[in-house]
Amino acid sequence: MGAPSRTAIPGFRPAAGIRASDPARDEIRGSTTILELLRLFPDGRAAALLAEIGFPCAHCGGAVREPLTLAATRHKRDPRAVLEAFLALAHYGPSAEQVADATRRTA
């Protein structure tokens, strides 16, 4: 047996059955959980973006099962803008405008 993964949680199965060997694990969707985002960016970029847009999700028990778009709705943000910011993070990093859009509160 190999060394345990630094990003694995013993006994936890990621939502939607995503496995480390699954090539689709790098695709970010609205259904991607906060925990999966944190795992996809072990360098801290996802946690930094969560903090920048004002989401305390990295420190919340809901991060294990809460999808990104539900977290956006709970925090009164536009789910599409939040998703776009994280999609940008995966490719080239979100622009200041994308971060501002994700930070802006909805009614």
Can you list the steps and then say if Thr106 with Thr73 is a side chain to side chain contact (heavy atoms under 4.5 Å, CB included)?
CA-CA 9 Å; Thr106 60; Thr73 302; over 6 Å; no
Candidate pair Ile34 and Leu68, rule side chain to side chain contact (heavy atoms under 4.5 Å, CB included), full reasoning
CA-CA 6 Å; Ile34 302 299; Leu68 181 59; 4.0 Å; yes
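Summarising the geometry, atom CD belonging to Glu36 is positioned 10.0 Å from atom CZ belonging to Arg29; distances are rounded to the nearest 0.5 Å. The distance from the CD atom of Gln98 to the CG atom of Leu89 is 10.0 Å, given to the nearest 0.5 Å.
Residues Thr32 and Leu83 form no side-chain contact, since every pair of their non-hydrogen atoms from C-beta on lies 4.5 Å or further apart. In this structure, the side chains of Asp101 and Asp78 stay at 4.5 Å or more apart for every pair of heavy atoms. Contact annotation: the side chain of His75 approaches that of Pro56 to within less than 4.5 Å [non-hydrogen atoms, C-beta and beyond].
Residue Arg74 comes nearest to Glu66 through the heavy atom pair NE-OE1, 2.5 Å, listed as atom of the first residue, atom of the second, then distance. Listed here is the closest heavy atom pair of Pro67 and Gly30: CB-O, 3.4 Å. Scanning both residues, Pro79 and Ala72, for their nearest heavy atoms gives CA-CB, 3.7 Å. What you find for Ala85 and Ala102 is that their closest heavy atoms are CB-CB, 4.1 Å. Across all non-hydrogen atoms, the minimal contact from Arg77 to Val82 is CB-CG2, 3.8 Å.
Hydrophobic clustering (ILVMFWY, side-chain heavy atoms < 4.5 Å, transitive): Leu37 and Leu87 are in one cluster. Hydrophobic clustering (side-chain heavy atoms under 4.5 Å, transitive across Ile, Leu, Val, Met, Phe, Trp, Tyr) keeps Phe86 apart from Leu70.
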